Chemist: 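Here's a structure for you.
The figures here come from the full heavy-atom set of this structure, side chains too, leaving out hydrogens, waters and symmetry mates. Nothing here was measured: the structure is a model prediction, and the numbers come from that model.
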Amino acid sequence: MSLTGGSCALSCSYCSSHYISSMEGAMSIDEFEKAVRRMNSVGVSGFLVSGGFDREGSLHLSKYIPVMRKLKRELGVIFNVHPGLQTKDVVEDMSDAVDMVDFEFTYTEKSIREKGLDRKPEDYLKMLEILMDRGPKYVIPHVMVGIPGDDPESSIRIASSFHPYLINLLVLIPTKGTPSESYEMPKLEDVVKAMKISSSLNKTSLGCMRPYPMKKELDKIAMKYVDRIANPHPSLRDNMEMYDACCSLPEEFFDHFRMGVRK
């Protein structure tokens, strides 16, 4: 669900509002509550809450937290939030209303510039520290791999030093209609290198964002290293245990989303 519809103040080179535009829009507290109740009534039990960020790299989330808390209490639903950079007060308020936080973490100037932000790596480090100390039970750093001229290894190593429940790796997709359209597709060997580093340090997942042309080969290699793969290539799904959920779902919720083993 997007709290801003298709609107975002940033112009990330690899998104430019492209990916949030396909989400369910819920741009007021009333819209949000009605949408959750409507979808829950037909069997939806988990919600990814995201949207466009402001110029500081933050999702305007705070006014939605009380209704998330109420819906969680009344319906037993699960909330996963993409908050961006937030204050300590907002993080503390999220702690009993949100089940998990997907935090796109970086510690490189290059990656931050690709987001169109005037922030420093230290801002992301401070946010990760606050999330781990004061936030919801599950915090999942997401690290982008494949940005031209970037080296995600430092981001992976620093995120791993906090011993999060899971680290999720994203792979840049050169996306039509965005500045990344002119980028070369990331090299498979660079993605595999990042995956090996991450999986040697921490439980790791391969997220849903990765270029389709490399998906079959990458996913086959990933099966040797990572703990889970979002939307695995169809040719590899036999004998996989499948869940209808996002990459960062904590194991305590698996039974809510289990689809069984593909034969």
Side-chain angles (χ1 to χ4, degrees), residues 1-3 23 32 36 40 44-51 53 57-59 61-62 64-107 124-144 155-170 195 198-199 201-209 225-231 241-259:
M1 301 176 69
S2 172
L3 303 184
M23 295 181 181
F32 181 86
V36 170
N40 180 252
V44 178
S45 56
F47 298 86
L48 173 64
V49 182
S50 188
F53 292 172
S58 173
L59 178 66
L61 176 70
S62 58
Y64 293 89
I65 295 175
V67 73
M68 282 195 281
R69 185 178 294 112
K70 180 178 77 169
L71 291 166
K72 172 171 284 300
R73 182 177 64 248
E74 294 180 8
L75 306 177
V77 292
I78 297 166
F79 287 115
N80 179 3
V81 172
H82 287 176
L85 298 168
Q86 298 285 345
T87 65
K88 181 176 69 174
D89 289 345
V90 174
V91 170
E92 290 177 342
D93 200 24
M94 281 195 295
S95 63
D96 66 342
V98 171
D99 298 283
M100 47 190 166
V101 173
D102 287 351
F103 177 50
E104 193 174 323
F105 177 75
T106 181
Y107 203 69
Y124 284 85
L125 180 59
K126 181 180 179 182
M127 177 63 180
L128 185 54
E129 289 174 339
I130 294 171
L131 282 168
M132 296 298 294
D133 289 343
R134 300 175 180 271
K137 181 178 179 180
Y138 297 105
V139 176
I140 302 91
H142 284 41
V143 177
M144 179 72 73
S155 300
I156 292 170
R157 292 190 179 278
I158 290 171
S160 295
S161 72
F162 286 86
H163 307 293
Y165 161 71
L166 186 72
I167 286 179
N168 184 58
L169 299 183
L170 307 172
M195 187 168 59
S198 183
S199 61
L201 298 170
N202 205 95
K203 189 175 180 180
T204 298
S205 65
L206 185 60
C208 57
M209 186 175 186
Y225 298 103
V226 303
D227 298 273
R228 54 179 75 174
I229 302 174
N231 192 22
E241 195 169 68
M242 304 290 289
Y243 297 86
D244 187 16
C246 73
C247 58
S248 53
L249 183 73
E251 291 175 12
E252 68 173 276
F253 301 125
F254 273 12
D255 286 346
H256 293 271
F257 302 94
R258 192 184 305 272
M259 297 172 66

Chemist: For the CG atom of Asp102 and the OG atom of Ser248, what is their distance to the nearest 0.5 Å?
Modeler: 3.5 Å
Chemist: Looking at every heavy atom in both Tyr124 and Thr106, which two are closest together, and how far apart are they?
Modeler: CB-O, 3.3 Å
Chemist: Return the CD1 to CE distance between Ile130 and Met132, rounded to the nearest 0.5 Å.
Modeler: 13.0 Å
Chemist: So do Ile65 and Val90 actually touch side chain to side chain, heavy atoms under 4.5 Å?
Modeler: yes
Chemist: How far does OG of Ser50 sit from CG of Leu61, to the nearest 0.5 angstrom?
Modeler: 10.0 Å
Chemist: Quick one: CG on Asp93 to CD on Gln86, what's the gap to the nearest 0.5 Å?
Modeler: 10.5 Å
Chemist: For Leu166 and Pro141, work out which heavy atoms get closest and say how close.
Modeler: O-CD, 3.3 Å
Chemist: Is any side-chain heavy atom of Phe103 closer than 4.5 Å to a side-chain heavy atom of Leu85?
Modeler: yes
Chemist: Counting the benzene-type ring for Trp, do Tyr243 and Phe257 have ring centres under 6.0 Å apart?
Modeler: no
Chemist: Could you give me the CA-CA distance, side-chain angles and deciding distance for Met68 and Phe47, then say whether side chain to side chain contact (heavy atoms under 4.5 Å, CB included) is met?
Modeler: CA-CA 10 Å; Met68 282 195 281; Phe47 298 86; over 6 Å; no
Chemist: Judged by atom type as modelled, is there a donor-acceptor pair below 3.5 Å linking the side chain of Ser2 to the main-chain atoms of Met23?
Modeler: no
Chemist: Which heavy atom in Leu169 sits nearest to a heavy atom in Met195, and how many Å separate them?
Modeler: CD1-CA, 3.5 Å
Chemist: Taking side-chain hydrogen bond (donor to acceptor under 3.5 Å, both in side chains) as the definition, give me every residue that meets it alongside Arg134, ordered by chain and number, with sequence neighbours left out.
Modeler: Glu92
Chemist: Is there a donor-acceptor pair under 3.5 Å between the side chain of Ser161 and the backbone N or O of Ile158?
Modeler: yes
Chemist: So does Arg69 pair up with Glu74, basic N to acidic O under 4.0 Å?
Modeler: no
Chemist: Assess the residue pair Met259 and Glu241 against the criterion (side chain to side chain contact (heavy atoms under 4.5 Å, CB included)); give the C-alpha distance rounded to whole Å, side-chain angles, the decisive distance to 0.1 Å, and a yes or no.
Modeler: CA-CA 7 Å; Met259 297 172 66; Glu241 195 169 68; over 6 Å; no
Chemist: Less than 4.5 Å apart, side chain to side chain, heavy atoms only: is that true for Met144 and Met209?
Modeler: yes
Chemist: For the side chain of Arg258 and the backbone of Phe253, is there at least one donor-acceptor N/O pair under 3.5 Å apart?
Modeler: no
Chemist: Output the distance between atom CG (Leu48) and atom CD1 (Ile78), rounded to the nearest 0.5 Å.
Modeler: 12.5 Å
Chemist: List the atom of Phe79, the atom of Val98, and the distance in Å for their closest heavy-atom pair.
Modeler: O-CG1, 3.6 Å
Chemist: Any Lys/Arg nitrogen of Asp96 or Lys72 sitting under 4.0 Å from an Asp/Glu carboxylate oxygen of the other?
Modeler: no
Chemist: Mark yes or no for whether Ser45, through its side chain, and Val77, through its backbone, hold a donor-acceptor pair below 3.5 Å.
Modeler: no
Chemist: Check side-chain hydrogen bond (donor to acceptor under 3.5 Å, both in side chains) between Asn168 and all other residues, then give those that pass, not counting sequence neighbours.
Modeler: His142, Ser205
Chemist: Would a 4.5 Å heavy-atom cut-off, applied to side chains only, mark Leu206 and Cys247 as touching?
Modeler: no
Chemist: Begin from the C-alpha positions of Val49 and Phe32 and carry the test side chain to side chain contact (heavy atoms under 4.5 Å, CB included) through to its verdict.
Modeler: CA-CA 10 Å; Val49 182; Phe32 181 86; 4.0 Å; yes
Chemist: Listed by chain and number, what are the side-chain hydrogen bond (donor to acceptor under 3.5 Å, both in side chains) partners of Lys126, not counting sequence neighbours?
Modeler: none
Chemist: Do Glu252 and Tyr138 have side-chain N/O donor and acceptor atoms under 3.5 Å apart?
Modeler: yes
Chemist: Is any side-chain heavy atom of Tyr64 closer than 4.5 Å to a side-chain heavy atom of Leu3?
Modeler: yes
Chemist: If I take atom NE2 from residue His82 and atom CD1 from residue Ile140, how far apart are they, to the nearest 0.5 angstrom?
Modeler: 9.0 Å
Chemist: How about Thr204 and Ser199: does a side-chain donor come under 3.5 Å of a side-chain acceptor?
Modeler: no
Chemist: With side chain to side chain contact (heavy atoms under 4.5 Å, CB included) as the test, would you mind laying out the steps for Tyr107 and Arg157 before giving the verdict?
Modeler: CA-CA 10 Å; Tyr107 203 69; Arg157 292 190 179 278; over 6 Å; no
Chemist: Determine the minimum heavy-atom distance between Tyr165 and Glu251, stating which atoms define it.
Modeler: OH-N, 3.1 Å
Chemist: Does the side chain of Ser58 reach to within under 4.5 Å of the side chain of Phe53, using non-hydrogen atoms?
Modeler: no
Chemist: Is there a side-chain contact between His256 and Leu249 (heavy atoms, below 4.5 Å)?
Modeler: no
Chemist: Within the 4.5 Å heavy-atom criterion, are Ile167 and Pro164 side-chain neighbours or not?
Modeler: yes
Chemist: Search all heavy atoms of Met100 against all heavy atoms of Pro250 and return the closest pair with its distance.
Modeler: SD-CD, 3.2 Å
